[in-house]
Visitor: 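Dropping a structure here in C-alpha cells format, bear with me for questions.
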Amino acid sequence: MDYSDVSTIAAWVTEQGLKGVSESELMTGFCSACRDAGLPLDRGLALMDTLHPVHEGRAFRWDSIEEIQAEFEYGPTISGEAASNWQRSAFYHLWSRNEREIRRRLGFGDPIDFSMLDTIAEAGHTDFVAMMHRFSEAGTIGEMDCFFSHFATKHPEGFSDHDLAILRKLVPVLGLAIKCIALGRIARTIAEVYLGEDAARQVMEGKISRGKSERISAALWFSDLLNYTKISDSVPPEEIIPLLNDYSEAVITAIHESGGNVLKLIGDGVLAIFKGEVPAETCRAALSAESLLREKLITLNAARAADGRATTDVYIGLHIGDVFYGNIGSQDRLDFTVIGPAVNEVSRIASMCRSVDLNLLISSDFAAAIPEEERTALACVGRYALRGVQRAQELYTLDSARLNG
C-alpha cells in the first residue's frame, strides 16, 4: 500500500461522512478499502461514547472473514462486570494514562494483558494496535470525549512500520467522519427525548422558525396522577422522582405504543396528541392507549406495593379538535407544541375526574367522533361547565372505568 492510496481512501471516507452513511457502513468500507489496497487488516473495531438516556455509546466492528455483528450499543460501564471489563481493556489503559497508542505483538511474545486479547490471539492474529484520539473541551459532548479504535492482523510478520504509519494517517479521518455522523444521531436523540418523536422530526426537517405552525385535527390526551400532592407530602423526598418516573414510563409507553406523541411533561401531567386524517381512528388510538395504560398500572402497582412503596392511579381526559401545532416562544427560546381552545378544554376535562370520582372522562366531541356502534361502550356522566371554557358539555366515561377509591 502506497501513499497515493491514503489520499484515495481519505477522500472516500470524507465523502461518505458528508453523505451521512451509517457508522457501520463507514467502518466496513474503510477496513475493506485498506485491505484491498494492501494493508494487512483482518479485524477492526471503533467505538465512541454518545449522549443517550440509556446507552453509553456505540461500537462498530469488521472482520475480514467471520460474519459478526457490525454494530452494537453498550450500557453504562461504571459498575459491575461492565466496569471490570472496561478497566481491563486497552482503551481504558489509553484513556486513563492519556496515551494515543498501544501495541501488542501477540505472535512474538508480547503479553496478553488486556481483555479480549486472548480471543484475538486464539483466532490467529499476530499483531494488535489500539488508538485513542481525544477531543478538545470544545469538541466534547457529555461523555463523548474521544474516538477509540483497534486493529489486528494475521500476517506472519505482523504490522510493518509502514502499515502503522498508514493507519496513523487514516484513522483520524475515520474518527472525524464517525464523529460527524454520531453528532447527527445525538441531535435526533435529544430532539426526540425532549420534544417527542413527531415534533423532533419536524424540527430536524427545519421547522424551527417562530410562529411557524400548521392547523391540524387531533385527538388530545391530558393525564395526571391521583393524589400526587398528598403522596409527595407523605413520602421521603428521594422517593418522589422514582415515583414520577415509574408512572411516567407507564403513561408514555402506552401512548407511544398506540401511535400517539407526547408533547409535554408538566410535573405529574402529560399532554399528548394522536394525529390522523380519520377522526374515528385517532379516537380509537387514544382509547387503545388508555386501555393499555390500565394494564400497565395493574402490573406497576402490584410491583410497587410488594416493595412497600406508594401507589396511585392516573386521571385521563380525552378530547378531539383543531389545534395549531408548531413553534411558539421568543427569538432564542422556542417550544414545539399545540395551542388552541381544545388544549385548554382537555386539561379542564381531566381535572373534572376528581369531582366525579372517575379515572377517565371523554368530551362530547370525542364521543361523537367514535362510530355509532362503538358508542355503546360509553356512559354519560352528566353535563358540566368547565372552568375557563364558555360552553358546558356532556362528559362520558367507559362503562368499565374504575372508581377512584
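Every value quoted in this text rests on a predicted model; they were computed, and no experiment measured them.
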Visitor: Does a donor on one side chain sit under 3.5 Å from an acceptor on the other, for Glu25 and Ser22?
Guide: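 On atom types as modelled, these side chains qualify, holding a pair under 3.5 Å.
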Visitor: Over all heavy atoms of both residues, which pair between Ala10 and Val173 is shortest? Give the atoms and the distance, please.
Guide: O-CG1, 3.9 Å
Visitor: Give a yes or no on whether a salt bridge exists between Arg383 and Glu394, defined as a side-chain N under 4.0 angstrom from a carboxylate O.
Guide: no
Visitor: Can you tell me if Asp49 and Tyr74 form a side-chain donor-acceptor pair at under 3.5 Å?
Guide: yes
Visitor: Tell me whether Asp198 is salt-bridged to Arg201, with the criterion being a basic N under 4.0 Å from an acidic carboxylate O.
Guide: yes
Visitor: Any salt bridge (Lys or Arg N to Asp or Glu O under 4.0 Å) involving residues 111-126? Give me the pairs, sequence neighbours left out, ordered by first then second residue.
Guide: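 Found Arg104-Asp113.
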Visitor: Could I get the full list of side-chain contact (heavy atoms from CB on, under 4.5 Å) partners for Leu292, not counting sequence neighbours?
Guide: Ala254, Glu257, Ser258, Glu295, Lys296
Visitor: Would you list the pairs meeting salt bridge (Lys or Arg N to Asp or Glu O under 4.0 Å) in which at least one residue belongs to residues 170-194, sequence neighbours left out?
Guide: Glu23-Arg185
Visitor: For the residue pair Tyr325 and Ala199, what are the closest heavy atoms and their distance?
Guide: OH-N, 3.4 Å
Visitor: Using a strict cut-off of less than 4.0 Å between a Lys/Arg side-chain nitrogen and an Asp/Glu carboxylate oxygen, indicate whether Asp163 and Arg168 qualify as a salt bridge.
Guide: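 No salt bridge links Asp163 with Arg168.
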Visitor: Please list all pairs passing the salt bridge (Lys or Arg N to Asp or Glu O under 4.0 Å) test where one or both residues lie in residues 335-352, with sequence neighbours left out.
Guide: Lys264-Asp335, Glu345-Arg391
Visitor: Of all the heavy-atom pairs spanning Leu106 and His125, show the shortest one and how long it is.
Guide: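 Heavy-atom minimum between the residues: CB-O, 3.8 Å.
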Visitor: From Tyr315 OH over to Leu360 CG, what is the distance, rounded to the nearest 0.5 angstrom?
Guide: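 So the OH of Tyr315 and the CG of Leu360 are separated by 12.5 Å.
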Visitor: Measure the shortest side-chain to side-chain distance between Phe148 and Met48 over non-hydrogen atoms and say whether it is less than 4.5 angstrom.
Guide: no
Visitor: If you look at every heavy atom in Val129 and Phe159, which pair is closest and at what distance?
Guide: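 Residues Val129 and Phe159, closest heavy atoms: CG1-CE1, 4.0 Å.
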Visitor: Salt bridge or not between Glu71 and Arg61? Use side-chain N to carboxylate O under 4.0 Å.
Guide: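 Arg61 and Glu71: not salt-bridged.
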Visitor: My understanding is that only residues two or more places apart in sequence, or in another chain, count here; which of them pass ring pair (Phe, Tyr, Trp, His ring centres under 6.0 Å) with His52?
Guide: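 Applying ring pair (Phe, Tyr, Trp, His ring centres under 6.0 Å) to His52 gives His55.
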Visitor: Answer with yes or no whether the side chains of Ser363 and Asp365 bring together a donor and an acceptor at under 3.5 Å.
Guide: no
Visitor: side-chain contact (heavy atoms from CB on, under 4.5 Å) with Ser84: which residues, sequence neighbours excluded?
Guide: Arg88
Visitor: Between Lys154 and Asp42 (salt bridge meaning N to carboxylate O under 4.0 Å), is one present in this structure?
Guide: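 No, this pair does not count.
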Visitor: State plainly whether the residues Arg105 and Asp127 are in salt-bridge range, i.e. N to O under 4.0 Å.
Guide: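 Salt bridge present between Arg105 and Asp127.
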Visitor: Among side-chain atoms of Arg100 and His133, is any donor-acceptor pair under 3.5 angstrom?
Guide: yes
